[in-house]
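Since the structure is predicted, the reported quantities are computational estimates derived from the model, not experimental observations.
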Amino acid sequence: MTTISDTAKAKINLSLEVLGRRADDFHEIRSLVAFASIADTLTLETGETLSLDLDGAFARALAGRNLILEAAEAALAAHPGLKLGRFHLTKNLPVASGIGGGSADAAAALRLIARANGTMLQEESAREIAARLGSDVPVCLASQPALMTGRGETVQLVEDLPKCGVLLANPGLPRSSGQVYAELRASPYESKKADENAAPDFAGDFARFIEYLAPRGNDLEPAALRLAPAIGEVLDSLERLPGGRLTRMSGSGATCFVLFATEAEAETASRALTASRPDWWVRAGTLG
C-alpha cells in the first residue's frame with residue numbers, strides 16, 4: 001500500500017459576473033478565481049476497498065452526497081482497473097460557504113487517483129470527469145489562478161497574479177448556491193463578444209490587480225444579502241480593517257474576504273477580527 005496526500009485549497013471568486021440564465025437552466029458566468037493557502041487535506045491509501053474517513057473542524061457538517069467518493073466512482077467507471085482505496089479528509093474549510101470546499105476536495109481526489117495510477121487517468125479525462133461533477137470542480141482541479149467562463153467548465157489560467165494577503169471570514173451560515181441563484185432571478189443569457197472573456201495579465205503588479213477587480217463585483221451579493229442579512233455585517237467588519245484594499249463576498253456566500261498587500265497585514269487583521277468576533281470562522285493566508 002502507498003499513502004499520498006494533496007491539499008484542497010479554498011477557491012476565492014475575486015469577481016463573479018452572472019451574464020444570464022441559459023436555456024439549460026445553468027447560469028453563464030465570468031469569474032476571476034484564485035486559491036488561498038487555507039485548505040482541507042486529503043490523503044489516499046491505495047487498496048482494494050473504496051472508503052472515506054473524516055476528521056477536522058467541519059467533519060460533522062458533511063452529510064449525504066460526497067463528491068470525493070463520487071469523483072472516485074466516476075473515475076473508476078471511466079477507467080476500470082484504477083487503483084483506489086481509503087481516502088482520509090481533514091475538513092478545515094466550512095461547508096456550503098462559497099469557497100468551493102466540496103469541489104476542491106473532489107478535485108484533490110482526482111489528482112490523487114491520477115498520481116496513484118501513472119498514466120491510466122490522463123489530464124483530459126480528469127477534466128471531463130471534473131466537469132460532470134460540478135461547475136466549480138474544473139477550476140479546482142487546476143487549483144491555479146484562472147478566469148472561469150461558461151457555467152464554470154471553461155478554465156483559462158491567469159499568469160503572474162501578484163502574491164498578496166487574504167483574510168476570510170464566515171459567520172457560520174451555510175448557503176445553498178441554488179437558493180442564491182434562484183433569488184437573483186437572472187435574465188436570459190445573450191451571447192457576448194468572445195474577447196470579453198480574455199484572461200487578464202497582471203504582470204505581478206498588485207496595483208494593476210486591484211484596478212482590474214475594482215469595477216467587477218460579485219453579482220450574487222445582493223441576492224445573498226436578501227437571504228442572509230448577516231453577510232452585510234461581515235462585509236462591513238472587513239471594510240473597517242486597516243490596510244484592506246478590496247472586500248467582497250466569495251461565490252454564493254456566506255464567506256467574505258478582504259485583500260491586503262502582504263500576508264503580514266492579513267495576519268494582523270485576522271487577530272483583531274478574531275478578538276472582536278470570536279464566534280466567526282476567521283482565517284488569514286496568501287493568494288498568488
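- With values rounded to the nearest 0.5 angstrom, Phe209 atom CZ is found 6.5 Å from Leu287 atom CG.
- Following chains of ILVMFWY side-chain contacts shorter than 4.5 Å, one can reach Val137 starting from Leu69, so the two form part of one hydrophobic cluster.
- Remark: the backbone N or O of Met249 is paired with a side-chain donor or acceptor of Glu221 at under 3.5 angstrom.
- Hydrophobic clustering, with ILVMFWY side chains joined whenever heavy atoms are under 4.5 angstrom apart, keeps Leu133 apart from Val155.
- To the nearest 0.5 Å, atoms CG (Leu147) and OG (Ser31) are separated by 7.5 Å.
- Taking hydrophobic clusters as Ile, Leu, Val, Met, Phe, Trp and Tyr residues chained together by side-chain heavy-atom distances below 4.5 Å, Leu52 shares a cluster with Leu67.
- Formation of a donor-acceptor pair under 3.5 Å by the Asn218 side chain with backbone atoms of Gly251 is found in this model.
- A distance of 6.5 Å separates CG of Leu32 from CG of Leu161, quoted to the nearest 0.5 Å.
- Within a 6.0 Å radius of CZ in Arg277, other residues, nucleotides and ligands contribute more than 12 heavy atoms.
- Residues satisfying the side-chain contact (heavy atoms from CB on, under 4.5 Å) test with Ala126, not counting sequence neighbours, are Leu121, Leu141.
- Although no hydrogens or angles enter the test, the distance criterion places a donor-acceptor pair under 3.5 Å between the side chain of Ser250 and the main chain of Asn13.
- Under the 4.5 Å side-chain heavy-atom criterion for ILVMFWY residues, no single connected hydrophobic cluster contains both Phe257 and Leu225.
- Linking Ile, Leu, Val, Met, Phe, Trp and Tyr residues whenever their side-chain heavy atoms come within less than 4.5 Å leaves Leu168 and Val33 in two separate clusters.
- Between Phe58 and Leu93 the shortest side-chain heavy-atom distance does not fall below 4.5 Å.
- Atom CD of Glu267 has more than 12 neighbouring heavy atoms from other residues, nucleotides or ligands inside a 6.0 Å radius.
- Grouping Ile, Leu, Val, Met, Phe, Trp and Tyr residues whose side-chain heavy atoms lie under 4.5 Å apart, directly or via other members, places Val234 in a hydrophobic cluster with Leu167, Leu238, Leu241, Val258, Phe260, Leu273, Trp280, Val282.
- Arg127 has its side chain within reach of Glu123: a pair of non-hydrogen atoms, C-beta onward, lies under 4.5 Å apart.
- Looking only at side-chain heavy atoms (C-beta outward), Ile113 and Leu84 come within less than 4.5 Å of each other.
- Applying the side-chain hydrogen bond (donor to acceptor under 3.5 Å, both in side chains) rule to pairs touching residues 253-262 yields Asn170-Thr255, Thr262-Glu265, sequence neighbours excluded.
- Between the CG atom of Asp105 and the CG atom of Leu54 there is a distance of 9.5 Å, given to the nearest 0.5 Å.
- Here the straight-line distance linking atom CD of Glu153 with atom CE of Met148 works out to 8.5 Å at 0.5 Å rounding.
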When you look at Ile29 and Leu16, which way does the side-chain contact (heavy atoms from CB on, under 4.5 Å) test go after all the steps? CA-CA 7 Å; Ile29 65 166; Leu16 202 172; 4.3 Å; yes

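- No donor-acceptor pair closer than 3.5 Å links the side chain of Thr43 to the backbone N or O of Ile4.
- Between Ala224 and Val180 the shortest heavy-atom distance is N-CG1, 4.0 Å.
- Using cut-offs of 30° and 60° on the angle between ring planes, the pair His27 and Tyr181 is tilted.
- Put simply, the side chain of Leu62 reaches to within 4.5 Å of the side chain of Leu89, judged on heavy atoms.
- The shortest side-chain heavy-atom distance between Leu220 and Val18 falls under the 4.5 Å cut-off.
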Step-by-step side-chain contact (heavy atoms from CB on, under 4.5 Å) determination, Leu76 to Leu50: CA-CA 11 Å; Leu76 184 61; Leu50 175 61; over 6 Å; no

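- With contacts defined as side-chain heavy-atom distances shorter than 4.5 Å, the pair Phe202/Asp160 does not qualify.
- Within the 3.5 Å criterion, the main-chain N or O of Thr46 finds no donor-acceptor partner in the side chain of Thr2.
- The residue from Lys11, Lys91, Lys9 that alone fulfils the salt bridge (Lys or Arg N to Asp or Glu O under 4.0 Å) condition with Asp40 is Lys91.
- In this structure, the side chains of Leu246 and Leu14 stay at 4.5 Å or more apart for every pair of heavy atoms.
- The backbone N or O of Ala266 lies less than 3.5 Å from no partner atom in the side chain of Ser270, so there is not a single donor-acceptor pair.
- A side-chain N or O of Ser135 and one of Arg151 form a donor-acceptor pair less than 3.5 Å apart.
- In terms of heavy-atom proximity, Ile129 sits nearest to Ala74 at CG2-CB, 3.8 Å.
- At least one donor-acceptor pair under 3.5 Å links the side chain of Arg248 to the backbone N or O of Leu213.
- Without hydrogens or angle criteria, Glu70 side chain to Ala106 main chain gives no donor-acceptor distance under 3.5 Å.
- Within the 4.5 Å cutoff, no side-chain heavy atoms of Cys164 are placed close to those of Arg245.
- Here the closest heavy-atom approach between residue Ala254 and residue Pro171 is recorded as O-CD, 3.8 Å.
- What you find for His88 and Asp55 is that their closest heavy atoms are NE2-OD2, 3.0 Å.
- Here Glu45 contributes atom CD and Leu112 contributes atom CG; the two are 12.5 Å apart, rounded to the nearest 0.5 Å.
- At distances below 3.5 Å, not a single donor-acceptor pair connects side-chain atoms of Arg226 with backbone N or O atoms of Leu184.
- Across all their heavy atoms, Ala230 and Leu173 have their closest contact at CB-CD1, 3.7 Å.
- Under the 3.5 Å distance criterion, the side-chain polar atoms of Arg185 are left unmatched by any main-chain donor or acceptor of Ala223.
- Of all heavy-atom pairs spanning Cys140 and Phe35, the tightest one is CA-CZ, 3.8 Å.
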